[in-house]
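Below: one structure, written as structure tokens.
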Amino acid sequence: MKSPEIAAISVLLGDEIVQLAAQYHVKSDEHDILPWEADIIRAKSKDLVENCGRIENIKESTLLSAWGSSLAAKIPNVVDRAKYFHASYSNARKFT
């Protein structure tokens, strides 16, 4: 998959994740984890389009981390799409 296609997927996924976060209490881990994940996806997308690099503290997925594991079990469809995005991003970066 080419970088612009991956970036287009990330916009939809990031928006969906932010909307999902709004369904959780503002003081919950879920409400913190999901916006972080959306920001990481958006930053990686920007890197693909603009070749601007990534900020060190947003290289890894929060949803796929130990912190996000209990939430991930509740939203497997979103997790699968996030995994697909992160794998696609990694593959695209290998060839640039």
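Start at 1 with the first residue, then count along the sequence.
When all heavy atoms of Tyr24 and His31 are compared, the pair lying nearest together is O-CD2, 3.5 Å. Between Phe85 and Ile6 the shortest heavy-atom distance is CE1-CG2, 3.5 Å. Between Val49 and Ala7, the closest heavy-atom pair is CG2-CB, 3.5 Å. The shortest heavy-atom contact between Gly14 and Ala38 is O-CB, 3.7 Å.
Note on Lys27 versus Asp32: no salt bridge recorded, every NZ/NE/NH1/NH2 to OD/OE distance being 4.0 Å or above.
Distance CD/Glu16 to CG/Leu34: 10.0 Å, rounded to 0.5 Å. To the nearest 0.5 Å, atoms OG (Ser10) and NZ (Lys46) are separated by 12.5 Å.
Lys44 places none of its side-chain heavy atoms less than 4.5 Å from the side chain of Arg93. Two residues are said to be in side-chain contact when any heavy atoms from C-beta on lie closer than 4.5 Å; His86 and Glu37 meet this criterion.
Although no hydrogens or angles enter the test, the distance criterion places no donor-acceptor pair under 3.5 Å between the side chain of Ser45 and the main chain of Ile41. For the pair Thr62 (side chain) and Trp36 (backbone), a donor-acceptor distance under 3.5 Å is absent. Side chain of Glu50 to backbone of Asp47: no donor-acceptor contact under 3.5 angstrom is found.
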Please table the atom pairs, donor to acceptor, closer than 3.5 Å between any side-chain atom in residues 67-77 and protein atoms at least two apart or in another chain.
| unit_1 | atom_1 | unit_2 | atom_2 | d |
| --- | --- | --- | --- | --- |
| Ser69 | OG | Ala66 | O | 2.9 |
| Lys74 | NZ | Glu30 | OE2 | 3.2 |

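Tracing side-chain contacts under 4.5 Å through hydrophobic residues (I, L, V, M, F, W, Y), one never reaches Val11 starting from Leu63; they form parts of separate clusters. Hydrophobic clustering keeps Val18 apart from Leu13 (ILVMFWY residues linked when any side-chain heavy atoms are closer than 4.5 Å, directly or through intermediates).
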(message) With salt bridge (Lys or Arg N to Asp or Glu O under 4.0 Å) as the criterion, how do Arg42 and Asp15 come out once you've worked through the C-alpha distance, each side chain's angles and the decisive distance to 0.1 Å?
(response) CA-CA 10 Å; Arg42 289 177 179 141; Asp15 289 347; 3.1 Å; yes
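No side-chain N or O of Glu60 forms a donor-acceptor pair with one of Ser65 less than 3.5 Å apart.
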